[in-house]
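The block underneath contains the structure these notes are about, expressed in structure tokens.
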Amino acid sequence: MSRGFARLRQSILWVLTALWMVSCAVSPTGRHQLMLVSEDQAIAASREAYVETLKPFKEAGKLNDDPALKARIDRIAGRLIAQAIKMRPDTRNWDWSVNVIDDPDVVNAWAMAGGKIAVYTGLIKKLKPTDDELAQVLGHEIAHALAKHQAEKMSVAMASSMGVLAAGMVSKRPALTMAGAAAAAALAIQLPNSRAEEAEADRIGIELAAKAGYDPRAAITLWKKMAKLSKGPSLEFLSTHPLPENRMKALARLAPQMMRYYEQKGDRPVYHIKD
Ligand SMILES: [Zn+2]
């Protein structure tokens, strides 16, 4: 290795370290996050990415075409979002949206930054989740949004392309334009979450669900169903939410701690989801 290259590599490391220091945020569970893309930028990009992603389904009449299913998902999501707002009051200003995509072969659900949620009918048809289990899926997805995981994934993607850029392997790279940012936001929900992000979304999701009145023990049965189904054809949900071996153990430890929220008496607040 030439000395010039070694020096270059050293300076790249310095730049990345400096970036890390100035842009490190702390997640709700106290984990340090690399944040080169701000949450506001991720929310703006997601607004566009959400419309673009849903567009072909809307045009094909495959969006919310089952009113009973849409009502069921809105009812559960409405109770979860009310708890999400209690946990992070600034998200009251988010333009929370829920859409059901009619694609019976796709077992998937996601939430983009700013509370843009989608559930695919394949998840309902193949997993046959109870309301408690569905609340765990939605709670987990809402948790990814609350913990700014999309901005984090966009940041990691940017940092790696910057490393490539600094190494001079790519000479010209277009600046992150709005169209590019929306594309990155759409891509971010297709990238696998890290173990740390998954553990964090599980932790926050099960709490949101319990506080919304959904049985925390359903988190365990849900992932068991997911694991069983994963033996068949590939599952989109598992490609973005890798199933760590210790997940069931961690959830089994968390569930008893959440019972006090679940067993609370009285009505649970509901967030009204706009059509
Ligand atoms: Zn996840």
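We count ligands from 1, going down the list as the structure has it; atoms in each ligand are counted the same way.
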Problem - Check ion pair D202-R247 (N to O, under 4.0 angstrom) - result: yes

Practice task
Considering only NZ, NE, NH1 and NH2 on the basic side and carboxylate oxygens on the acidic side, decide whether E59 and K55 come within less than 4.0 Å.
Solution key: no

Handout entry: Among the N, O or S atoms of E198, the one nearest the Zn ion (ligand 1)
Key = OE2

Exercise for the section: Please name the atom of H144, restricted to N, O or S, that is closest to the Zn ion (ligand 1). Expected result: NE2

Problem - Worked verdict on D95 versus K274 for salt bridge (Lys or Arg N to Asp or Glu O under 4.0 Å) - result: CA-CA 9 Å; D95 184 20; K274 280 176 262 156; 3.1 Å; yes

Practice task
Give, rounded to 10 degrees, the angle between NE2 (H241) and NE2 (H140) as seen from the Zn ion (ligand 1).
Solution key: 110°

Practice task
Can you measure from CD (E198) to NE2 (H144) and round to the nearest 0.5 angstrom?
Solution key: 4.0 Å

